[in-house]
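All remarks here apply to the structure that follows.
For ligands, and for the atoms within them, numbers begin at 1 and follow the listed sequence. Residues: numbered from 1 along the sequence shown.
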Amino acid sequence: MSPDKRVWINGEVVGRDEARIDIEDRGFQFADGIYEVVRIYHGRPFALAAHLQRLGRSAEGIGLALRPDVTVLAREIEAFITRHAPADSMLYLQATRGPAPRNHQFPAQPAPTLLFYAKPLPPPGEPAGSTVRLLSVKDERWSRCWIKSMALLANVLAKNQALAAGADEAVFVDGPLVHEGSASNILAVREGRLIAPPAGPRVLGGITRGALVELCPRLGIEVAERPLTEQEALAAEELLITSTTREVAPVVAWDGRPVGGGVCGPVTRRLAQVLRERIEHECREAR
Ligand code: PDD
């Protein structure tokens with residue numbers, strides 16, 4: 001069996017066709033669970049500690065006791081990646097409240113389901129070649145978006161609405177504010193300063209976003225972690241989205257109109273470059 005067909009499920013590594021989920025798993029029936037997507041470069045996970053910290057916060061946010069805890073989990077993930085993950089891939093991890101007779105009430109003794117597996121994913125190309133057209137969609141999600149919840153129906157519908165309109169990604173807006181993409185964070189460059197909407201009710205604390213914010217002082221780029229208005233986004237010198245799978249991508253259109261000059265701007269290019277350097281340092285050089 002090819003290595004990327006293995007799944008770690010509740011402490012065991014099995015073939016994907018042997019992995020079993022109960023039809024009454026609460027993840028399946030209620031989306032009662034959380035997830036993470038970790039990028040693997042050169043056979044090494046990028047920012048695994050930050051992903052597991054966020055997983056811990058998400059678990060706490062839904063009252064789920066993670067077993068094993070994140071320290072043990074980190075070791076299990078590292079061992080799995082070494083043996084079973086393609087060199088360039090992504091690791092999908094999901095934790096649910098597990099199987100129980102269907103009932104909205106939490107089971108008295110939950111037996112959480114925890115699984116992860118890797119899938120090949122080539123590294124993204126140059127940012128200039130991965131431009132993004134956004135479609136704005138009213139944010140009708142709940143107000144705990146800082147939890148990386150498996151309940152993604154609103155995100156799925158928004159993404160498909162964007163694709164149907166000839167765009168690449170949906171961006172959630174509510175009143176004057178721009179929150180985030182269906183599977184990405186959004187940031188703007190105004191007067192050379194990076195505006196990064198912070199994690200909160202309608203924004204996930206993206207790991208990629210966090211890495212950029214951390215790198216900015218070293219580049220002499222000032223960062224304002226504050227809400228972003230649609231007006232500011234439309235008038236921004238540069239607009240960009242970030243995510244584990246897309247890294248940094250320049251936004252060139254918003255509801256069919258050009259934004260950010262319609263090209264990949266210098267700050268976006270520089271941020272993409274330093275992120276890549278950090279990835280190379282962490283996943284290749286520091287091995
Ligand atoms: N999504 N906001 C949302 C709603 C997301 O789903 C994601 C990532 C992000 C960016 O977070 P990060 O930089 O940690 O990937 C922001 C993942 C990749 C997904 O669902 O596939």
Which protein heavy atom lies closest to atom 6 (O) of ligand 1, and at what distance to 0.1 Å? Ala183 CA, 3.3 Å

If you measure only the distance, is there a donor-acceptor pair under 3.5 Å linking the side chains of Ser136 and Glu230? no

Under 4.0 Å from a heavy atom of Gly206: which atoms of ligand 1 are those, numbered in the order shown and with their elements? 11 (O), 12 (P), 13 (O), 14 (O)

Six-ring centre of Tyr117, Arg16 cation under 6.0 angstrom, axis tolerance 45°: yes

Given the options Asn155, Val156, Leu163, Leu157, Lys159 meets side-chain contact (heavy atoms from CB on, under 4.5 Å) only with Leu163

Please confirm whether Thr242 comes within less than 3.5 Å of ligand 1 when only nitrogen or oxygen atoms on both sides are compared. no

Say whether, by atom type as modelled, one donor and one acceptor occur between the side chain of Asp168 and the main chain of Arg133 under 3.5 angstrom. yes

As an exercise, identify every atom of ligand 1 less than 4.0 angstrom from a heavy atom of Glu180. 2 (N), 3 (C), 4 (C), 16 (C)

Would you tell me which option among Ile186, Thr244, Val248, Val203 has the nearest heavy-atom contact to atom 15 (O) of ligand 1? Thr244

Min N/O separation Arg141 to ligand 1 under 3.5 Å: no

Sub-4.0 Å atoms of ligand 1 with respect to non-hydrogen atoms of Thr208: 12 (P), 13 (O)

Quick one: does NZ or CZ of Arg6 land under 6.0 Å from the six-membered ring centre of Phe80, within 45 degrees of the ring axis? no

Residues Arg209 and Glu225 bridged, charged N to O under 4.0 Å: yes

Return yes or no for this condition: an N or O of Lys148 is under 3.5 Å from an N or O of ligand 1. yes

Taking only non-hydrogen atoms of Tyr35, do any sit less than 4.0 angstrom from ligand 1? yes

In this structure, does ligand 1 have an atom that sits under 4.0 Å from one of the heavy atoms of Arg54? yes

For atom 10 (C) of ligand 1, grab the closest protein heavy atom and report residue, atom and distance to one decimal in Å. Asn185 OD1, 3.6 Å

For ligand 1, note which part of Val37 has a heavy atom under 4.0 Å away: side chain, backbone, both or neither. side chain

For ligand 1, note which part of Cys145 has a heavy atom under 4.0 Å away: side chain, backbone, both or neither. neither

Answer yes or no: is there an ion pair linking Arg141 with Glu180, defined by an N-O contact shorter than 4.0 Å? yes

Interfacing atoms of ligand 1 (cut-off 4.0 Å, heavy-atom, Ser184): 2 (N), 3 (C), 5 (C), 7 (C), 9 (C), 16 (C)

Between the side chain of Glu247 and the main-chain N/O of Leu275, is any donor-acceptor distance below 3.5 Å? no

Quick check: does any side chain N or O of Ser58 sit under 3.5 Å from a backbone N or O of Lys148, one acting as donor and the other as acceptor? yes

Residues Arg54 and Glu36 bridged, charged N to O under 4.0 Å: yes

Under 4.0 Å, counting heavy atoms only: does Ser182 come that close to any atom of ligand 1? yes

When you compare ligand 1 with Leu204, is there at least one nitrogen or oxygen pair between them that comes in under 3.5 angstrom? no

